[in-house]
Amino acid sequence: MVQRIGLIGCGVISDIYLRNAALFRDIRFTACADMRAEAAEARAAQYGLRAMSPDELYASSEVDIVLNLTNPEAHAAVSLQALDAGKHVYTEKPLATSRADGEAIVAKAREKGLQVGSAPDTILGPGLQTCRRMIDDGTVGPVISGVATIMSRGMEHWHPAPAYYFQPGGGPVLDMGPYYIGALVTLLGPVAQVTAVGRVGLAERVVTAEGPNVGQRIRVEVPTTVHAVLGFESGAQVTLLASWDVWKHAHAPIELHGETASLRVPDPNFFGGRVERAVDRDSWTGADMADRFYGRANYPAAKPIHANYRGLGLAEMANAIEGAREPRVGGAWAFHILDVMLAILRSAEEGRGLAVASRCARPEALTDDEALSLLHEAPLRRVG
Ligand SMILES: NC(=O)c1ccc[n+]([C@@H]2O[C@H](COP(=O)([O-])OP(=O)(O)OC[C@H]3O[C@@H](n4cnc5c(N)ncnc54)[C@H](O)[C@@H]3O)[C@@H](O)[C@H]2O)c1
């Protein structure tokens with residue numbers, strides 16, 4: 001049975017979800033809502049949906065799953081309201097911005113017999129899944145160490161309304177951390193302890209992105225440069241460098257070093273990329289994921305350079321609901337990622353190492369056949 005999707009939060013990221021929706025067999029978007037009614041009406045007109053108020057959408061008999069694409073600070077309230085109304089929830093990252101809210105979402109879903117799924121679904125793409133296979137089959141040996149780098153100059157030069165990135169719930173750890181920590185937990189299992197330092201870099205940001213907010217000055221309220229060491233339960237130790245105060249750098253997104261080889265993991269913000277392995281000091285050998293379906297560049301639409309299949313996790317969750325099983329990018333995994341990120345921030349604030357209390361299982365691997373079976377039409381499935 002096709003799951004009917006009601007989207008709340010008709011901002012920047014809603015477009016790619018709506019565009020990709022046509023690919024997937026088990027989901028159909030029916031309605032959209034936003035606290036800014038004009039934003040909901042615009043998306044509804046663009047994609048042939050019913051614009052509703054948020055309250056109408058929670059109560060709608062035409063919605064099975066609420067897709068929560070609101071700003072991070074609103075995630076918990078929206079997800080809890082949707083669960084209270086008897087809807088499954090799939091939320092953009094992070095699951096919530098506090099541990100208590102994250103716990104409440106997972107507990108409410110369990111109590112009501114509903115599912116919670118959460119971005120990032122990039123871990124289901126061929127880039128991360130190939131790395132996972134290489135780790136699982138012993139191609140790199142047990143992982144000893146690694147470095148992950150979230151580094152850029154920030155968001156105010158491209159996002160038309162970037163203030164939320166610099167307010168509580170934002171910052172590079174909570175905003176981009178889900179991709180990197182989500183990928184690491186998928187590859188290596190849960191994190192047991194963290195130690196971090198952090199600071200505000202630039203105290204103020206000026207919006208240069210075109211749009212109504214150009215010239216706006218934003219006071220930075222969260223650390224924008226955080227360096228952390230993550231100790232995994234497996235024994236692996238990974239350094240995470242998370243900063244929006246970097247003009248240019250030459251680091252790979254994620255490098256992992258195993259007992260028999262080193263592995264370069266592609267940018268976990270996207271689905272494809274290049275996977276590389278080195279068994280000596282001379283050279284990397286690898287493969288590009290561009291010829292795999294979810295690895296093929298489709299974004300930006302006008303001149304594609306990245307594989308952006310956001311919505312794959314939502315489609316996988318719809319399929320899981322039908323099969324009465326847990327979604328791969330599920331609540332326990334998303335809660336552990338949140339727990340690790342909050343522990344990093346608290347460690348930096350308190351100046352001491354901290355144990356991470358939660359644990360989760362690694363999301364099940366997604367085989368190529370399973371990934372392609374989520375697509376709508378047979379001809380599309382052959383594209384890859
Ligand atoms: N922009 C990106 O490239 C990007 C990429 C991946 C993930 N995300 C995530 O997607 C989410 C949304 O980001 P965005 O960039 O689209 O933000 P945005 O500010 O462009 O859009 C968010 C929308 O949510 C609406 N909203 C906020 N609170 C609401 C509430 N309580 N009820 C109803 N509507 C509400 C706002 O009016 C706004 O239209 C965030 O969690 C972000 O981390 C964004």
Side-chain angles (χ1 to χ4, degrees), residues 6-20 31-44 46 51-58 63 66-82 85 89-97 101-102 105 117-123 125 150 152 154-182 207 209-213 216 218 222 244 267-271 299-301 306-314 329 334 337-338 341:
L7 179 169
I8 300 197
C10 298
V12 171
I13 202 63
S14 61
D15 193 54
I16 188 75
Y17 276 90
L18 288 164
R19 192 140 50 81
N20 285 342
C32 64
D34 196 293
M35 63 187 190
R36 297 179 299 124
E38 70 280 10
E41 274 151 26
R43 280 289 186 252
Q46 193 182 354
M52 298 180 177
S53 71
D55 282 343
E56 284 168 344
L57 191 143
Y58 297 129
V63 172
V66 170
L67 173 60
N68 182 355
L69 304 183
T70 61
N71 307 103
E73 279 294 82
H75 284 180
V78 168
S79 292
L80 287 168
Q81 245 179 304
V89 170
Y90 184 95
T91 178
E92 252 305 331
K93 46 72 186 173
L95 176 67
T97 57
D101 281 347
I105 292 167
S118 174
D121 53 358
T122 47
I123 64 125
I150 301 167
S152 76
M155 305 303 200
E156 68 278 19
H157 55 284
W158 72 270
H159 196 290
Y164 78 88
Y165 286 115
F166 303 101
Q167 290 161 355
V173 173
L174 281 177
D175 180 64
M176 294 300 289
Y179 296 110
Y180 289 74
I181 295 165
V207 179
E210 277 177 35
N213 297 309
Q216 180 193 8
I218 302 167
V222 289
W244 285 342
D267 183 347
N269 191 10
F270 294 102
F271 289 70
Y299 179 86
H306 293 297
N308 188 348
Y309 293 90
R310 283 182 168 75
L312 172 57
L314 173 65
V329 286
I337 297 168
L338 175 65
M341 297 189 299

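Start at 1 and go down the list; that is how both ligands and their atoms are numbered.
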Counting non-hydrogen protein atoms only, what is the nearest one to [atom]? Give residue, atom name and distance.
| atom | result |
| --- | --- |
| atom 42 (C) of ligand 1 | Tyr164 OH, 3.7 Å |
| atom 7 (C) of ligand 1 | Glu92 OE1, 3.1 Å |
| atom 21 (O) of ligand 1 | Gly11 CA, 3.2 Å |
| atom 38 (C) of ligand 1 | Asp34 OD2, 3.4 Å |
| atom 15 (O) of ligand 1 | His159 NE2, 2.8 Å |
| atom 12 (C) of ligand 1 | Leu69 O, 3.3 Å |
| atom 11 (C) of ligand 1 | Thr70 O, 3.3 Å |
| atom 18 (P) of ligand 1 | Asn71 ND2, 3.7 Å |

May I ask you to decide if the ring planes of Tyr165 and Trp158 are parallel, tilted or perpendicular, using 30° and 60° as cut-offs?
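Plane angle between 30° and 60°, so tilted.
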Specify whether Tyr299 and Phe270 have parallel, tilted or perpendicular ring planes, treating 30° as the upper limit for parallel and 60° as the lower limit for perpendicular.
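Geometry flag for Phe270 against Tyr299: tilted rings.
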Heavy-atom pair of closest approach, residues [X] and [Y]:
| X | Y | value |
| --- | --- | --- |
| Ala209 | His159 | CB-O, 3.4 Å |
| Ile218 | Pro162 | CD1-CG, 3.9 Å |
| Ile13 | Arg310 | CD1-CD, 4.0 Å |

Per-atom contacts of ligand 1 with [X], taking only distances under 4.0 Å to non-hydrogen atoms:
| X | value |
| --- | --- |
| Tyr165 | 1 (N) |
| Val78 | 31 (N) |
| Asp175 | 43 (O) |
| Trp158 | 1 (N), 2 (C), 3 (O) |
| Arg36 | 37 (O), 38 (C), 39 (O) |
| Ala74 | 28 (N), 31 (N) |
| Ile8 | 33 (C) |

At a 4.0 Å cut-off, with the gap strictly under it, does some heavy atom of [X] reach an atom of ligand 1?
| X | answer |
| --- | --- |
| Arg310 | yes |
| Pro72 | yes |
| Tyr17 | no |

Can you find an N or O of Tyr179 that's nearer than 3.5 Å to an N or O of ligand 1?
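So ligand 1 has no N or O lying under 3.5 Å from an N or O of Tyr179.
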Flag Val12 as yes when one of its N or O atoms lies below 3.5 Å from any N or O atom of ligand 1, and as no otherwise.
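Yes; at least one N/O pair falls below 3.5 Å.
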Which distance, rounded to the nearest 0.5 Å, do you find between the [atom1] of [X] and the [atom2] of [Y]?
| X | Y | atom1 | atom2 | result |
| --- | --- | --- | --- | --- |
| Asn68 | Gln81 | CG | CD | 10.5 Å |
| Ile337 | Ser118 | CD1 | OG | 7.0 Å |
| Met155 | Tyr164 | CE | OH | 7.5 Å |

Do side-chain atoms of [X] reach the backbone of [Y] as a donor and acceptor pair under 3.5 angstrom?
| X | Y | value |
| --- | --- | --- |
| Thr70 | Gly9 | no |
| Asp121 | Gly311 | yes |
| Asp101 | His75 | no |
| Asp34 | Arg36 | yes |

Run the side chain to side chain contact (heavy atoms under 4.5 Å, CB included) check on Asp15 and Gln46 step by step: do they pass?
CA-CA 10 Å; Asp15 193 54; Gln46 193 182 354; 3.4 Å; yes
Answer side chain, backbone, both or neither: which part of [X] comes under 4.0 Å from ligand 1, heavy atoms only.
| X | answer |
| --- | --- |
| Lys93 | both |
| Met35 | both |
| Ile13 | both |

Can you confirm whether more than 12 heavy atoms, excluding those of Glu38, are under 6.0 Å from its CD atom?
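Yes - once you tally the heavy atoms of other residues, nucleotides and ligands closer than 6.0 Å, there are more than 12.
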